[in-house]
Amino acid sequence: TYFNDVVESEPWSIHVLKVDRSRKDLTFFAPHAGGRILSVSMLRDQARSVPPDFGSAIAGINGDFYIRDVPNFAGDPRGLQLLNGELISGPSNLCVWFDPNGAPHLDEIKSEFAVTWPDAQKTVFGLNEQRKNDMVVLYTPTYGPSTHVNGGRNLVLEKEGQSPWLPLRPGEIYHARVATITTNGNAQIPPNSMLLSIGPAVRNLPEVKPGATLQISTATVPDLKGIKVALGGGPGLLHKGTAFPKVAPPGVSKEWSQRSKYERNPRTAMGWSDTHVFFVVVDGRQANLSVGMTLGELAEYFKKLGCTEALNLDGGKSAQMWVQGRIRNSPCQGEDTVANSIFVVKKTASQ
């Protein structure tokens with residue numbers, strides 16, 4: 001059910017999607033623009049990207065915060081994303097995910113991603129993100145055709161033996177053979193291969209040669225093995241019916257966090273009760289229509305809806321709700337591109 005809740009005294013224009021959790025013909029899907037990390041697109045295009053054998057999108061909202069101010073890396077989510085079970089972005093903050101029974105969960109996910117070298121030494125790595133000089137990052141073809149980073153070493157990895165392989169999934173162990181090692185900038189990511197990029201400031205790693213076998217772990221705490229839909233965000237709004245311990249989105253300054261907490265802005269968020277999941281978009285920065293909400297006001301609104309859990313998502317000009325073919329809210333800068341989203345999907349008859 002979609003409705004527009006107007007509070008003239010503030011003023012607020014609040015767009016709410018209410019999803020009955022008992023409906024077995026409905027599920028959720030978290031697409032990414034173009035199916036690639038380094039991409040942004042309109043919500044209507046992301047709605048069309050839901051695989052036909054999965055179902056058809058009914059309604060959705062924009063998703064996680066993402067890199068937008070560095071053009072070469074625009075579209076990279078700041079937190080976890082599972083795209084139909086594929087691990088395309090690693091965890092770094094709070095996440096929402098749906099278990100195999102369709103029940104939503106909200107918690108801080110911690111990465112235990114690590115590569116084990118032939119001498120049993122272990123090194124932590126990031127996934128499909130901008131690699132700084134002191135980092136090790138694993139890239140998959142879902143990231144894009146190349147890394148967009150310079151310096152360091154690049155190890156192209158191919159499947160070894162009967163190990164599981166791409167698409168990358170959480171909670172798995174992969175055995176990989178080093179096919180080639182290069183030092184070129186903006187290294188190409190070959191199809192059906194992974195690329196391990198080692199920053200020039202990373203020290204004390206073992207020397208490996210082509211043919212060496214590595215072990216790649218995608219473990220997380222809590223364990224997300226078998227989970228198909230997950231999306232990052234922050235800060236948390238509600239947990240067990242009370243204010244969530246503050247966990248800010250990664251990559252934002254303390255000043256941003258404080259300003260966002262106390263200023264009224266356009267907001268996107270999701271939450272749930274025992275019986276329903278709610279998507280909420282609050283219009284803002286439009287004095288005659290809606291001034292937006294503080295995070296505290298948003299948390300109180302979810303309480304009013306009966307929710308016990310709620311998570312803030314990317315707001316500002318990204319705050320948008322798409323329902324059955326069109327944007328229903330009034331985005332403060334007009335309909336705009338975003339990196340990812342989360343949709344309510346009507347399942348196919350075969351599911």
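Numbering of residues begins at 1 and proceeds along the displayed sequence.
- With Asn329 contributing its side chain and Met321 its backbone, the two residues share a donor-acceptor pair below 3.5 Å.
- Atom CG in Leu313 sits 11.5 Å away from atom CZ in Arg267 (nearest 0.5 Å).
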Under the side chain to side chain donor-acceptor pair (under 3.5 Å) rule, what do Ser13 and Asn4 come out as? Steps first, then yes or no, please. CA-CA 7 Å; Ser13 178; Asn4 181 203; 3.2 Å; yes
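- Judged by distance alone, the side chain of Glu297 and the main-chain N or O of Leu295 form no donor-acceptor pair under 3.5 Å.
- In terms of heavy atoms, Pro266 sits closest to Arg285 at CD-NE, 3.4 Å.
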Dump the intermediate steps for salt bridge (charged side-chain N to carboxylate O under 4.0 Å, His left out) on Asp25 and Arg23, then the final yes or no. CA-CA 5 Å; Asp25 60 331; Arg23 288 279 299 270; 2.8 Å; yes
Output, in order, the C-alpha distance, side-chain angles, deciding distance and verdict of side chain to side chain donor-acceptor pair (under 3.5 Å) for Asn186 and Ser146. CA-CA 6 Å; Asn186 195 23; Ser146 61; 2.8 Å; yes
One pair to check against salt bridge (charged side-chain N to carboxylate O under 4.0 Å, His left out): Arg68 and Asp336. What are the steps and the verdict? CA-CA 12 Å; Arg68 66 173 76 196; Asp336 204 355; 5.4 Å; no
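- Enclosure of atom CG in Asp134 by more than 12 non-hydrogen atoms of other residues, nucleotides or ligands within 6.0 angstrom is indicated.
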Between Leu157 and Val178, does the side-chain contact (heavy atoms from CB on, under 4.5 Å) criterion hold? Intermediate values first, please. CA-CA 5 Å; Leu157 307 178; Val178 178; 3.9 Å; yes
Decide yes or no on side-chain contact (heavy atoms from CB on, under 4.5 Å) for Val282 and Tyr301, but give the supporting numbers first. CA-CA 10 Å; Val282 183; Tyr301 190 77; over 6 Å; no
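- Checking Asn340 against Asp64 by side-chain atom types alone, no donor-acceptor pair falls below 3.5 Å.
- Smallest separation of non-hydrogen atoms from Ser197 and Asn154: OG-OD1, 3.2 Å.
- If you take OH on Tyr174 and OG1 on Thr218, they are separated by 5.0 Å, rounding to the nearest 0.5 Å.
- In terms of modelled atom types and a separation under 3.5 Å, the side chain of His32 and the main chain of Gly75 share a donor-acceptor contact.
- Considering Thr337, Ile342, Thr268 as possible partners of Asn62, the one that fulfils the side-chain contact (heavy atoms from CB on, under 4.5 Å) test is Thr268.
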Quick one: do Trp322 and Ser341 satisfy side-chain contact (heavy atoms from CB on, under 4.5 Å)? Show the steps, please. CA-CA 10 Å; Trp322 179 95; Ser341 52; over 6 Å; no
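- Between Ile37 and Asn128, the shortest heavy-atom distance links the atoms CG2-O, 4.0 Å.
- No continuous path of hydrophobic side-chain contacts links Val221 to Leu80 [ILVMFWY only; heavy atoms under 4.5 Å].
- The CG atom of Leu231 lies 12.0 Å from the CG atom of Leu94; values are rounded to the nearest 0.5 Å.
- The list of salt bridge (charged side-chain N to carboxylate O under 4.0 Å, His left out) pairs with a residue in residues 40-52, not counting sequence neighbours, reads Arg44-Glu335, Asp45-Arg48.
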Under the criterion side-chain contact (heavy atoms from CB on, under 4.5 Å), I'd like the reasoning laid out for Phe73 against Glu129: C-alpha separation, chi angles, the key distance, then a yes or no. CA-CA 8 Å; Phe73 301 96; Glu129 61 186 280; over 6 Å; no
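- Taking every heavy atom of both residues into account, Ser193 and Ile189 meet most closely at O-CG2, 4.2 Å.
- Scanning both residues, Ala339 and Gln46, for their nearest heavy atoms gives O-NE2, 3.6 Å.
- Under the 4.5 Å side-chain contact rule for hydrophobic residues, Val19 and Phe279 share a cluster.
- Residues Val50 and Ile327 fall within the same hydrophobic cluster, defined by Ile, Leu, Val, Met, Phe, Trp and Tyr side chains chained together at heavy-atom separations under 4.5 Å.
- Scanning for side chain to side chain contact (heavy atoms under 4.5 Å, CB included) contacts around Ser111 gives Pro91, Phe113, with sequence neighbours left out.
- For the atom pair Trp97 CH2 and Phe28 CZ, the distance stands at 15.5 Å (nearest 0.5 Å).
- Partners of Lys159 by salt bridge (Lys or Arg N to Asp or Glu O under 4.0 Å), not counting sequence neighbours: none found.
- The shortest non-hydrogen separation linking Leu87 to Leu82 is CA-CD2, 3.6 Å.
- Criterion: ILVMFWY side-chain heavy atoms under 4.5 Å apart, direct or through other members. Under it, Met135 and Tyr139 are part of a common hydrophobic cluster.
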